[in-house]
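What's counted below: heavy atoms across the whole structure, side chains too, no hydrogens, waters or symmetry copies. The sequence lines fix the lettering, A, B, ..., with proteins before strands; numbering per chain opens at 1.
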Amino acid sequence: MTKMRCFQGCPLISHLISDPDVQSWTLLISAYTKNGRCKEAIKLYTEVKNSRKIAPDKFAILAVAKACAASGDLVNAKEIHSDALKYRFGSDLLLGNALIDMYGKCKYFEGAERVFGDLRMKDALLAFREMGLSGIKPNAMTLSSILPACSDLKCLNLGREIHGFGIKNGMGENVFINSALVDMYSSCSSIKHAEMVFHNMPRPDVVSWNVIISAYFSMAIAKALNKFQQMRINQGVKLDIISWNTVISGCADNGKAQEALELLRNMQQLGCKPNQITITSVLTACTNLEVWRGGKEIHAYVVRHCFMGDLAANTALVLIYAKSGDLEMSNRLFSMMPLKDTVAWNTIIIANSMHGRGEKALSLFNQMVGSGVKPNSVTFTGVLSGCSHSQMVDEGLSIFHSMIKDHKVEPDAEHYSCMVDVLGRGGRLTEAYNFIQQMPMEPSAAAWGALLGACRVYKNTDLGRIAANRLFEIEPDNPGNYVLLFNILGSAKLWEEASSTRKLMRDRGIRKVPGCSWVHVGNRVYTFVVGDKNNNMSNDIYKFLDEIRMKMKLAGCYPDTEFVLQDLDGEEQEDSLCNHSEKLAVAFGILNLRGESSIRVFKNLRICGDCHNTIKFIAKFVGVQIIVRDSLRFHHFTNGLCSCGDFW
DNA sequence: ATAGGGTTAG
């Protein structure tokens with residue numbers, strides 16, 4: 001009993017063993033790693049090495065390299081690498097593979113390259129191709145440890161040769177080799193062969209099943225889920241944590257968030273404990289969940305299960321909070337993160353940009369650079385879109401010019417589009433148009449779309465026509481472009497031309513996506529469409545909105561009839577401004593405040609201008625904060641003002 | 001050489 005407690009909690013396990021030799025030391029390191037306790041494995045390695053003056057052999061180094069790989073511990077990884085060189089294992093193929101894998105998992109690709117170079121892995125692979133391998137005949141261990149290198153490098157030909165060599169040399173039924181082959185064929189996009197190898201295995205084990213399911217996820221999700229069901233009813237194999245993670249991350253990557261959450265519940269019911277990878281995958285899935293309760297539940301789970309130290313989990317949480325409207329929580333979480341990589345910084349910059357905090361996005365960018373983390377292409381998209389949403393034209397221009405000059409990041413079409421948006425929203429329409437024409441690549445729909453949007457805000461009919469006509473060519477099926485031009489022409493009172501735009505849209509058979517908003521009250525999500533009367537409180541909702549409209553008129557705010565046009569859609573002619581889905585959802589949220597000081601509403605399309613005015617008024621009149629997420633960004637309404645500065 | 005090595009999830 002005492003011994004057991006020590007094994008779990010005591011860092012110096014070696015005290016329990018009278019004379020630890022290299023073998024038992026290695027065994028313990030592996031045991032810790034297999035149980036997900038990488039920190040302890042690494043500590044054990046370091047402490048025993050230093051205090052007992054034991055020289056690690058290649059197996060000990062291999063074991064600790066795996067611990068570093070699993071935990072992404074780059075600091076110790078470098079130490080392990082230098083040990084490998086110090087003890088003269090620099091050209092060991094097995095260890096070399098493990099070190100490359102370790103650096104890869106720590107995202108330190110320069111290190112991986114260096115090991116690769118030292119090892120002359122390419123030469124090793126070539127030597128293997130000639131089946132010489134320095135005169136030593138490869139055994140099963142060699143084959144199964146070299147196959148992952150083929151997977152990584154997508155060397156299908158060599159993989160095939162290894163496959164043939166294995167069969168010729170009586171290793172055709174080796175489960176390690178076969179699983180590695182399934183993975184190799186799958187990585188080389190040769191699913192048919194992966195399938196063949198798997199189906200010819202006499203006794204596939206958990207790993208074989210995991211690998212084939214993962215292979216199916218890369219081509220057809222239905223087939224993968226089907227195979228997973230087969231695995232579950234198969235008596236011969238027992239699901240392990242990797243099985244669950246494979247299928248959960250497969251769902252997450254394919255936008256199946258609900259399924260991922262359901263699988264998380266399933267695995268827990270069956271007594272399988274989620275690990276960091278599970279949590280990260282589920283969090284990634286939740287990031288794309290349309291309706292989320294502010295991330296609080298999964299956050300609580302992460303805290304309860306001590307995954308808070310995990311970089312990827314934290315980054316996902318930062319994004320979840322931002323996307324669910326809670327920017328404060330997002331910022332707070334980020335500031336508490338002990339370690340921040342490029343992705344983490346990008347996330348918090350984008351979060352602030354989405355919420356219209358351009359200044360904060362810019363200052364975060366400067367902090368990022370100051371702390372020595374290298375910005376990449378995504379970073380600049382984030383900062384520039386922050387500048388555009390906050391009318392920071394000069395700042396945007398200066399960032400754009402510093403991209404190549406100071407950061408060696410080549411602007412791509414997306415950055416150019418951001419700059420069109422920066423100039424356009426800043427009211428510098430001619431410059432925006434010139435900018436498009438000077439783009440070194442073909443201007444994308446995003447670039448013309450940014451210009452068209454700016455033309456709507458600044459009521460520029462001439463440029464609006466040009467941008468819209470380009471968009472009608474590039475993306476003829478996007479209803480938003482027709483509606484925007486229609487609104488531009490309508491507000492210029494060019495009725496005839498406006499209705500011919502409408503006709504063009506109708507003739508092409510393009511329909512507007514129906515507007516839909518939702519709000520979270522208590523434990524339920526309530527959905528509203530235009531003119532919705534299906535809610536229990538519909539009468540109260542409309543009464544409330546009537547009252548607001550009266551109050552607005554008394555205050556001299558008249559409905560902006562320009563936006564009546566926005567929803568004019570044939571059969572929806574009777575739609576007036578008072579029944580847009582976002583107004584209904586806001587009204588319902590206000591009527592169910594229950595002591596809260598803020599509500600959050602989500603809409604699938606851009607918010608309408610009249611709704612924007614009305615919600616500003618409601619926020620002031622009721623004295624609450626109203627946060628609305630539309631398809632592009634967030635609006636924070638407080639005391640009669642919106643964070644977007646009316647440049648929605 | 002009868003303690004350790006090889007395949008899978010992000």
Side-chain angles (χ1 to χ4, degrees), chain A residues 17 19-31 33-34 36 56-66 69-72 89 92-98 101 104-107 138-152 159 162 166 171 174-187 194 197-198 201 204-218 224 228 231 237 239-253 260 263 267 272 274-285 307 310-313 315-316 343:
Chain A
I17 299 168
D19 184 23
D21 57 15
V22 196
Q23 279 93 343
S24 48
W25 183 29
T26 306
L27 188 67
L28 281 168
I29 294 170
S30 300
T33 310
K34 275 181 191 145
D57 64 4
K58 71 173 205 178
F59 297 123
I61 297 176
L62 188 71
V64 73
K66 287 197 151 188
S71 58
F89 301 116
D92 186 277
L93 194 60
L94 191 64
L95 186 51
N97 242 352
D101 182 57
K105 294 208 163 106
C106 297
K107 301 194 167 79
N139 62 14
M141 297 281 185
T142 327
L143 294 199
S144 45
S145 63
I146 204 159
L147 278 168
C150 297
S151 296
D152 289 345
I162 293 174
M171 298 180 252
N174 181 299
V175 69
F176 286 90
I177 295 176
N178 280 315
S179 297
L181 280 171
V182 172
D183 186 57
M184 183 278 295
Y185 280 122
S186 156
S187 304
V197 174
F198 178 80
M201 287 178 74
D205 67 356
V206 217
V207 178
S208 323
W209 280 92
N210 293 345
V211 169
I212 191 72
I213 288 168
S214 168
Y216 281 141
F217 269 115
S218 66
F228 181 64
M231 184 186 186
V237 280
L239 303 199
D240 66 4
I241 176 100
I242 298 184
S243 319
W244 289 105
N245 289 349
T246 302
V247 66
I248 287 176
S249 75
C251 286
D253 293 345
L263 284 160
M267 78 182 279
C272 187
N275 65 11
Q276 268 109 329
I277 293 170
T278 325
I279 294 303
T280 311
S281 305
V282 172
L283 287 172
T284 312
F307 290 130
D310 190 74
L311 182 64
T315 305
V343 177

*Tell me: CG of A/Asn210 to C1' of B/dA9, nearest whole Å?*
8 Å

*Is the backbone of A/Ser24 close enough, under 3.5 Å, to the side chain of A/Asp21 for a donor and an acceptor to pair up by distance?*
yes

*Under 3.5 Å donor-acceptor, A/Asn178 side chain and A/Met201 backbone*: no

Between [options], spot the one nearest the side chain of [X], thanks.
X        : options              : value
A/Asp21  : B/dG4, B/dA3, B/dG6  : B/dA3
A/Asp183 : B/dG5, B/dT8, B/dG4  : B/dT8
A/Ile242 : B/dG10, B/dT8, B/dG6 : B/dT8
A/Asn174 : B/dT7, B/dG6, B/dG4  : B/dG6
A/Val211 : B/dT7, B/dT8, B/dA9  : B/dT8
A/Phe59  : B/dT7, B/dG4, B/dT8  : B/dG4
A/Lys58  : B/dG4, B/dG5, B/dG6  : B/dG5
A/Asp253 : B/dG4, B/dG10, B/dG6 : B/dG10
A/Leu94  : B/dA9, B/dG5, B/dT7  : B/dG5

_Any N or O donor-acceptor pair under 3.5 Å from the base of B/dT7 to the side chain of A/Ser144?_
no

*Is the ring of A/Phe176 stacked on the base of B/dG6, with centres less than 5.5 Å apart and planes under 30° off?*
yes

*Check: A/Thr246/A/Asn210 side-chain N/O donor and acceptor closer than 3.5 Å*: no

*asked:* Can you work out whether A/Ser208 or A/Lys105 has the more 5'-proximal nearest nucleotide on DNA chain B?
replied: A/Ser208

_Euclidean distance for C1', B/dA3 against B/dT7 (whole angstrom)_ = 23 Å

*A/Tyr185: ring-ring contact (aromatic ring centres under 6.0 Å, His included) partners, not counting sequence neighbours*: A/His163, A/His193

*asked:* OP1 or OP2 of B/dT8 versus the side-chain N and O atoms of A/Lys66: is any pair under 4.0 Å?
replied: no

*From A/Ile241 CD1 over to A/Ile277 CD1, what is the distance, rounded to the nearest 0.5 angstrom?*
8.0 Å

